[in-house]
Amino acid sequence: MHNFLIFLGSARDSTPPRPARLGLRVARQCERHLQNMGHAVELIDPLSIELPAAFKPHFAYAKGAAPEALDALAGKIDAADGYVMVSPEYNHSMSPALAHLLNHFGSSLFAYKPSAIVTYSAGQWGGARAAVNMRTFLSELGCLPVSAMIHLPKAQDILTETGDFAEGTDAAAWQGYFGRTLAQLDWWAAAARAQRAVEGIPAAAPAFSRDPSQRNAP
C-alpha cells in the first residue's frame with residue numbers, strides 16, 4: 001500500500017462559469033480509483049487550508065515557527081509516496097491556486113517521488129495545454145511526472161458531483177483511461193520507495209533544501 005496525496009488545483013466555488021467546483025469531481029474519481037487499488041489517499045483542497053496573507057514559504061520559517069496548517073501539510077507531503085496534481089487551465093497554464101499552494105514548499109519534500117498530471121475543462125480541450133506547463137513545474141519541484149496523463153474535456157458531462165461516471169458514458173473505457181496513468185504512478189511510487197529504502201537520497205545529488213546556490217555551476 002502506498003500513501004498518495006491528491007492536490008486539487010481550484011479554489012473557485014462561485015459561478016459562472018458553471019458548474020462550480022468541477023475539479024472536485026475529477027479529484028474524487030482519482031481518489032476512488034487509487035483507493036480501489038488498495039492505497040491510502042488524501043485529498044488536499046486549497047479551500048480547506050488557511051495560508052498566510054503574505055506569501056512566505058514553509059522552508060523560510062524557523063523550525064517550529066511555521067503556521068500549523070502549513071506545517072501539517074509539509075509533514076504529509078514528506079510522508080507521501082507520490083502525488084496526483086489536478087488542475088484546470090488558466091491562460092494555457094496550470095491553476096494559479098495550485099501553483100500558489102505548491103510554491104509554499106521546497107523540493108526537498110517532493111524529491112525522488114513520482115507525480116501524475118490530471119487536467120480538465122468544461123470545454124473541448126480538457127486542460128491539455130496546462131499539462132505542458134505542469135511538466136516543467138513538477139520536474140523542478142522534484143516529483144517527476146509519469147508519461148501518461150489524464151485530460152477530461154467537458155468534465156461536467158463525464159463525472160457526477162460525487163465523482164462517479166455519469167449515465168450514458170462508457171464507464172469501462174474511462175476506468176481504463178484513468179487506470180493507465182494511475183498504474184504508472186503506482187509502479188514508479190513502488191520503485192522509488194524501494195530505492196529510497198535501499199540507498200536513500202544520492203549524496204552527489206541531494207534534494208534542493210538550502211538556497212539556489214546549491215545548483216550553481218562552478
Side-chain angles (χ1 to χ4, degrees), residues 4-35 41-51 55 69 73 76-77 80 82-105 110 114-141 143-166 168-169 171 173-175 177-182 184-185:
F4 291 113
L5 295 182
I6 298 176
F7 283 87
L8 174 58
S10 175
R12 183 182 65 83
D13 62 356
S14 61
T15 58
R18 300 180 187 277
R21 306 248 73 194
L22 180 56
L24 190 54
R25 304 183 186 195
V26 181
R28 283 172 174 160
Q29 175 54 221
C30 292
E31 180 182 33
R32 185 171 297 119
H33 198 111
L34 287 169
Q35 287 173 338
V41 189
E42 183 172 353
L43 176 58
I44 306 299
D45 187 339
L47 284 185
S48 66
I49 301 170
E50 188 174 347
L51 297 174
F55 177 78
L73 184 50
K76 293 175 182 179
I77 293 170
Y83 315 94
V84 178
M85 305 297 184
V86 179
S87 179
E89 179 179 324
Y90 283 75
N91 296 320
H92 294 202
S93 296
M94 65 189 290
S95 156
L98 180 60
H100 179 65
L101 179 58
L102 295 178
N103 277 331
H104 279 81
F105 304 98
F110 293 92
S115 62
I117 294 172
V118 181
T119 63
Y120 65 92
S121 70
Q124 63 180 328
W125 303 114
R129 293 168 297 193
V132 176
N133 167 259
M134 291 173 71
R135 281 199 174 278
T136 57
F137 186 101
L138 295 173
S139 295
E140 180 67 14
L141 202 56
C143 51
L144 297 178
V146 299
S147 64
M149 296 184 288
I150 298 170
H151 309 303
L152 283 89
K154 301 181 180 179
Q156 71 278 6
D157 297 334
I158 299 169
L159 296 168
T160 66
E161 289 186 14
T162 59
D164 295 306
F165 293 110
T169 61
W174 279 110
Q175 285 281 2
Y177 180 62
F178 273 75
R180 182 174 186 269
T181 295
L182 298 178
Q184 285 190 8
L185 179 69

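The structure presented is a predicted model; accordingly, all values stated were derived computationally and were not measured. Throughout, residue positions are numbered sequentially from 1 according to the sequence presented.
- Between the OG atom in Ser48 and the CG atom in Leu43 there is a gap of 7.5 Å [rounded to 0.5 Å].
- Here the closest non-hydrogen pair linking Ser14 and Ala20 is O-CB, 3.9 Å.
- A side-chain hydrogen bond (donor to acceptor under 3.5 Å, both in side chains) check over residues 125-136, counting only residues at least two apart or in different chains, returns the pairs Glu89-Arg129, His92-Arg129.
- Scored by the side-chain hydrogen bond (donor to acceptor under 3.5 Å, both in side chains) test, Arg12 finds no partners at all (sequence neighbours excluded).
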- I would like to know whether Leu185 and Phe4 meet side-chain contact (heavy atoms from CB on, under 4.5 Å); could you show each step before the answer? CA-CA 10 Å; Leu185 179 69; Phe4 291 113; 3.7 Å; yes
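- Every side-chain hydrogen bond (donor to acceptor under 3.5 Å, both in side chains) that Thr15 has, sequence neighbours left out, goes to Arg18.
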- Task: Apply side-chain contact (heavy atoms from CB on, under 4.5 Å) to His104 and Phe55, showing your working.
- Result: CA-CA 8 Å; His104 279 81; Phe55 177 78; 3.5 Å; yes
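- Here Asp45 pairs with Arg21 under the side-chain hydrogen bond (donor to acceptor under 3.5 Å, both in side chains) rule; sequence neighbours left out.
- Residues passing the side-chain contact (heavy atoms from CB on, under 4.5 Å) test with Thr181, sequence neighbours excluded: Ala116, Val146, Ala148, Ile150.
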- Task: Starting from the C-alpha separation in whole Å, work towards a yes-or-no answer on side-chain contact (heavy atoms from CB on, under 4.5 Å) for Val84 and Leu182.
- Result: CA-CA 9 Å; Val84 178; Leu182 298 178; 4.2 Å; yes
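- Separating the CE atom in Met134 from the CE atom in Met85 is a distance of 7.0 Å, to the nearest 0.5 Å.
- In terms of the salt bridge (charged side-chain N to carboxylate O under 4.0 Å, His left out) criterion, Arg180 has no residue partners (sequence neighbours excluded).
- Not counting sequence neighbours, the partners of Tyr83 by the ring pair (Phe, Tyr, Trp, His ring centres under 6.0 Å) test are Phe110.
- Atom-to-atom distance recorded for Ile49:CD1 and Leu73:CG is 4.5 Å, nearest 0.5 angstrom.
- Every side-chain contact (heavy atoms from CB on, under 4.5 Å) that Ala99 has, sequence neighbours left out, goes to Met94, Asn103, Phe137.
- Residues Ser121 and Pro88 are not in side-chain contact: their nearest non-hydrogen atoms beyond the backbone lie 4.5 Å or more apart.
- Rounding to the nearest 0.5 Å places CZ of Phe105 at 10.5 Å from NZ of Lys76.
- Counting non-hydrogen atoms of other residues, nucleotides and ligands closer than 6.0 Å to CG of Asp13 gives a total above 12.
- Applying the side-chain hydrogen bond (donor to acceptor under 3.5 Å, both in side chains) rule to Ser93 yields no partners; only residues at least two apart in sequence or on another chain are considered.
- Not a single ring pair (Phe, Tyr, Trp, His ring centres under 6.0 Å) links Tyr90 to another residue, sequence neighbours left out.
- When every heavy atom of Ile117 is checked against every heavy atom of Pro145, the shortest pair comes out as CD1-CB, 3.8 Å.
- For residues 144-156, the pairs satisfying side-chain hydrogen bond (donor to acceptor under 3.5 Å, both in side chains) are Thr119-His151, Ser147-Gln184, with sequence neighbours left out.
- Looking at every heavy atom in both residues, Ala11 comes nearest to Leu47 through O-CD2, 3.4 Å.
- With rounding to the nearest 0.5 Å, the separation of SG in Cys143 from CG in Leu102 is 7.5 Å.
- The shortest distance between side-chain heavy atoms of Ser115 and Phe7 does not fall below 4.5 Å.
- Distance CZ/Arg32 to CZ/Phe178: 10.5 Å, rounded to 0.5 Å.
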Check residues 22-29 and write down every donor-acceptor pair under 3.5 Å in which the side-chain atom is one partner and the other belongs to a residue at least two apart or another chain.
unit_1	atom_1	unit_2	atom_2	d
Arg25	NH1	Leu159	O	2.8
Arg28	NH1	Glu161	O	2.7
Gln29	NE2	Gly163	O	2.7

